[in-house]
Amino acid sequence: MGEKTENYVSDIHNADYEEEYHRILLDHNCLIDISGRETESLNGTWHFCVDPYDTCRRAHWFREIRCNDTGAEQPVDWDFDWWERTPVPGTWNVQKPELFWYEGSGIYMRTFRYVPREAGERVFLCFEGAAYEASVFLNGVFIGTHNGGSTPFTVDVSGAVKTDNRLIVVVDARRSPLRVPMDNTDWFNYGGLYRDVHLARVPNVYIKDWFARLAPDGTFSKILVDVAVSGVDGADGERKAALAIPELGIEEEISLRQSAGRGVFAVNADLLSLWEPENPKLYDVSIRLLPEDGGPGGDLVHDRIGFREIKIRGREILLNGKNIFLKGVSVHEDHVLLGKTTTSEIIRETIHDLKEMNGNYLRLAHYPHDRRFARIADEEGVLLWEEIPVYWAIAFGNKSVYRDAENQLAELIQRDRNRASVIIWSVGNENPDTEERLEFMSSLAKKARELDETRLVSAACLVNHTKLKIEDRLSEFLDIIGVNEYYGWYDPDFDNLSAIFSNSSPDKPVIVTEFGGGARSGQRGNINDLFSEDYQKALYIKQVETFKKYPFIAGLSPWILYDFRCPRRFNRYQEGYNRKGLIDADRKTKKLAFFVMQAFYKEDSHETGHSL
Ligand code: GCU
C-alpha cells in the first residue's frame with residue numbers, strides 16, 4: 001500500500017486489513033486440554049449477521065463505537081443486539097436456505113456473565129471448531145485469530161473478561177488456494193461456528209495438557225503419563241503432581257521442575273487389561289497438582305483412558321502384539337439436516353452401522369472430526385484413522401501454508417492423543433508427487449512422530465497407473481501405505497488392479513484407503529448400468545475377490561459409508577451429492593454393496609487369507 005494521504009479512510013482504502021488480525025494467531029501453543037475438565041457451555045442462540053465484505057473486521061465494528069470524539073452519535077452500520085438469533089453450534093448453510101451456498105464471513109455475538117469463583121483463577125474461551133478462519137473479540141478487544149476449520153482452539157481471556165461480557169466471533173468460510181484444504185475439494189464447504197463453544201476456569205497454576213499411554217516397549221505393562229503445567233512462577237522450587245489409577249492400585253507422585261513445568265510418570269501396571277475392539281477397557285485416570293504446602297486442593301484433571309499398543313511388523317499391523325485386519329469404511333462429517341455439525345447420537349449411529357457391517361475400523365476423512373467421535377469410539381471399541389485436510393493440490397511451496405497444516409496436525413494430536421481408539425495419524429490424501437509435496441508431507445510425518453511416538457503415521461498415497469505399481473516416494477516416511485484406487489469406476493480396466501498388487505512388493509502394511517463407485521439408492525439395472533446399485537454391488541464383489549489374494553493388504557476403508565453433499569457432482573443420479581455411499585444420505589437406506597462388505601468382513605481368516 002502507498003503512503004496514507006489525508007483522504008485515506010482505512011475501512012474502505014485498506015486492502016491489507018487482514019494483517020491486523022493475523023498478528024495474534026491462536027494455535028496449538030495456546031491450546032489447553034479441556035477434555036478432563038468441567039466447562040461452562042456458551043452454546044445456545046447467538047445474534048448473527050452475514051458479512052460478505054468482511055466489514056466487521058475492515059471497519060472495526062467489534063469496537064461498537066457509536067459516537068465520535070465530540071460525543072455525537074454516528075450512523076453506524078451494525079446492530080449486534082438487534083440482529084436475528086441463530087443456534088450455536090451450527091452451519092449457516094443448512095440453518096438458513098438463503099445461505100446454502102454462502103461462503104463469506106459471518107458475525108456471531110452473544111453476552112455472558114462471569115463471576116470469579118477462586119482467587120487468581122484463569123479464564124479460557126474454548127472453541128471446538130469454526131470453519132475456516134475465526135477472529136475472536138471480547139468487550140471490544142481483538143483477542144486472536146484461528147486458522148483451520150476442524151481443530152479446537154482455546155485462548156486465555158483472563159485480562160479481558162469482565163462481569164458482563166460481549167463476545168463477538170467473525171467466522172470466514174472462504175475457500176482459498178492458500179488454505180488447508182485449498183479451494184478445490186470433493187466435499188461441501190460448510191461455514192460457521194459449527195462445534196461447541198465453552199468457557200473454562202483453571203487455577204493460576206494449572207495442568208495445561210497431559211498424555212497417558214502404554215509405553216510402546218512390548219511389555220504391555222508400563223504406563224507413561226507426561227504432564228505439562230502452566231502458570232508456574234519459574235522459580236527453581238519443586239512442585240509435585242499425583243497420578244491415580246484406582247482400579248490398578250496406582251498412586252504415584254512426581255516432582256515437576258517449576259522452571260520447565262513438565263514431568264513424566266512411569267509406572268508399572270502388571271494387572272492391566274489391554275484396550276481392544278472386543279474388550280474396550282477404560283480406566284479412570286486422574287492427575288492432581290499438589291499445592292506447595294502439600295495440603296488439599298490443587299488443579300485436578302481426570303479422564304477415562306484405554307491402554308493399548310499399536311505397531312507394525314513387516315506387512316502386519318499389530319494391536320497389543322496380535323496381527324489385526326482393519327475391517328473399515330471411510331466417513332465424512334456431513335449430515336443432510338445438520339451439515340458439518342454432529343451429535344453424540346449421530347456418532348453412535350455411525351458406529352452402529354459400521355458394526356452392522358461387521359467392521360472394527362473407521363477412516364475419518366478428510367479432516368479431524370468432532371472430539372466426541374474418538375471418545376465414543378474408545379467406549380465402543382472402534383479403531384480410527386484421523387487425518388488433516390492436506391488434500392489434493394495444496395500450495396506445498398508456501399511456508400505459511402505449511403505452518404497452518406502443521407498447526408492443524410499438532411492441535412489434532414494434542415486433542416486426541418489420550419484416545420486409545422485413534423491408531424493412525426494421516427498427513428494427507430491423494431497429493432501430486434512433486435519435490436515440494438514430498439518435503440511438505442515428509443515434514444508433517446516427522447512432526448507427527450515427534451509429537452506422538454505411540455501411533456502409526458500414514459497418508460492416502462498414489463498408485464503409478466503407468467507402471468501399474470504402488471509407488472509414491474512419500475511411503476518411505478510412513479508406517480502404513482494408504483492406497484486410493486477406483487478400478488471398476490474411474491479406471492475401467494479392472495484387470496489392472498491385480499496387476500498393481502502383483503507388481504508391488506511393499507515392505508510395510510498397505511491399507512486400501514479408498515475404492516468404490518457411485519449408485520443412486522433404489523436405482524436398479526444390470527451390472528453395466530452406471531450409478532445403479534447392481535453396478536456398485538458387482539464392482540464391490542470384484543474388488544473384495546481381488547483383495548483376498550494379497551496378504552500384504554492389512555485393511556480396507558471403502559469410499560464411503562454415506563452419500564454426502566458435493567458441489568462438483570450434478571448429473572441426474574448425483575444432484576449435488578457424491579453417491580458412492582454404501583448407505584444413502586438418509587443414513588438409513590442400505591444399498592446392495594453394503595451387504596457385500598458385511599459378508600466379506602464376516603468371513604473367517606482362512607477364507608479371506610487375512611487374520612481378520
Ligand atoms: C478421491 C478423494 C475423495 C473423493 C473420491 C471420489 O479419492 O480422496 O475425497 O470423494 O475420490 O472421487 O468420490
Side-chain angles (χ1 to χ4, degrees), residues 131 149-150 175 179-190 328-335 340 362-369 385-394 405 424 426-433 437 441 458-465 470 472 474-475 478 480-492 496-497 500 510-521 523 530-533 535-536 539-540 543 555-571 573-585 591 593-594 597:
S150 301
R175 287 170 293 116
R179 286 184 166 174
V180 179
M182 44 75 172
D183 53 349
N184 182 35
T185 72
D186 199 49
W187 67 84
F188 193 93
N189 179 40
Y190 294 105
V329 66
S330 298
V331 64
H332 257 305
E333 202 167 46
D334 180 283
H335 192 277
K340 202 172 183 299
L362 282 166
R363 178 188 179 203
L364 302 186
H366 284 293
Y367 36 72
H369 287 214
W385 159 304
E386 292 197 316
E387 184 166 302
I388 54 171
V390 175
Y391 181 89
W392 289 357
I394 295 285
I424 297 167
S426 167
V427 295
N429 178 77
E430 263 189 17
N431 315 93
D433 185 5
R437 171 262 190 171
M441 293 184 76
S458 188
C461 298
L462 299 166
V463 170
N464 185 323
H465 290 283
I470 296 172
D472 186 323
L474 180 64
S475 54
L478 306 176
I480 294 175
I481 303 171
V483 170
N484 289 359
E485 52 88 2
Y486 280 92
Y487 283 91
W489 187 252
Y490 299 123
D491 302 292
N496 286 343
L497 180 60
I500 284 173
V510 168
I511 295 177
V512 183
T513 31
E514 290 183 30
F515 67 91
R520 180 166 67 182
S521 177
Q523 185 79 24
L530 287 175
F531 290 102
S532 71
E533 287 196 41
Y535 185 102
Q536 187 190 44
L539 184 159
Y540 266 77
Q543 285 275 353
L556 303 171
S557 50
W559 193 258
I560 188 170
L561 185 54
Y562 305 113
D563 292 352
F564 60 94
R565 282 197 178 95
C566 181
R568 296 171 65 246
R569 299 174 183 276
F570 289 106
N571 76 19
Y573 306 107
Q574 296 172 122
E575 298 170 311
Y577 277 79
N578 184 315
R579 294 280 187 212
K580 296 187 182 66
L582 293 168
I583 300 176
D584 186 80
K591 303 174 192 175
F594 176 92
M597 291 314 299

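First listed ligand is number 1; within each ligand, the first listed atom is number 1. All values derive from a computational prediction rather than experimental measurement. Numbers here simply count residues along the sequence, with the first being 1.
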Which residue and atom name correspond to the protein heavy atom nearest atom 2 (C) of ligand 1, and how close is it?
E514 OE1, 3.4 Å

Has K580 got its NZ or CZ under 6.0 Å from the middle of the six-membered ring of F564, at an angle within 45 degrees of the ring axis?
no

Quick test of your reading of the structure: of Y490, F515, W559, Y391, whose heavy atom lies closest to atom 12 (O) of ligand 1?
Y490

I need the contact type for I560 against ligand 1. Using non-hydrogen atoms and a strict under-4.0 Å cut-off, is it side chain, backbone, both or neither?
neither

Hey, is T185 touching ligand 1 through its side chain, its backbone, both or neither, going by heavy atoms under 4.0 Å?
neither

Numbering as shown, the atoms of ligand 1 that approach [X] to under 4.0 Å (heavy-atom distance):
{"X": "R569", "answer": "6 (C), 12 (O), 13 (O)"}
{"X": "D186", "answer": "4 (C), 6 (C), 10 (O), 13 (O)"}
{"X": "N429", "answer": "2 (C), 8 (O)"}
{"X": "N484", "answer": "7 (O), 8 (O)"}
{"X": "E430", "answer": "1 (C), 2 (C), 7 (O), 8 (O)"}

Within the structure, is a non-hydrogen atom of Y486 found at a distance of less than 4.0 Å from ligand 1?
yes

Measure the distances from the heavy atoms of E485 to every atom of ligand 1 and state whether one is below 4.0 angstrom.
no

Are any of the N/O atoms on W392, whether in the backbone or the side chain, positioned under 3.5 angstrom from an N/O atom of ligand 1?
no

Quick one: does H366 get an N or O within less than 3.5 Å of an N or O on ligand 1?
yes

Which label fits Y190 and F188: parallel for a plane angle under 30°, tilted from 30 to 60°, or perpendicular past 60°?
tilted

Step-by-step side chain to side chain donor-acceptor pair (under 3.5 Å) determination, R363 to N429
CA-CA 12 Å; R363 178 188 179 203; N429 178 77; 2.8 Å; yes

Using every non-hydrogen atom in the two residues, find where A393 and M182 come nearest and quote the distance to one decimal.
N-CE, 3.3 Å

Could you check if a side-chain atom of [X] sits within less than 4.5 angstrom of a side-chain atom of [Y], using non-hydrogen atoms only?
{"X": "C566", "Y": "Y577", "result": "no"}
{"X": "N571", "Y": "Q574", "result": "yes"}
{"X": "L582", "Y": "Y562", "result": "no"}

Lys/Arg N to Asp/Glu carboxylate O, K340 vs D334, below 4.0 Å
no

Does the pair K591 and E533 meet the rule for a salt bridge (charged side-chain N to carboxylate O under 4.0 Å, His left out), with working shown?
CA-CA 6 Å; K591 303 174 192 175; E533 287 196 41; over 6 Å; no

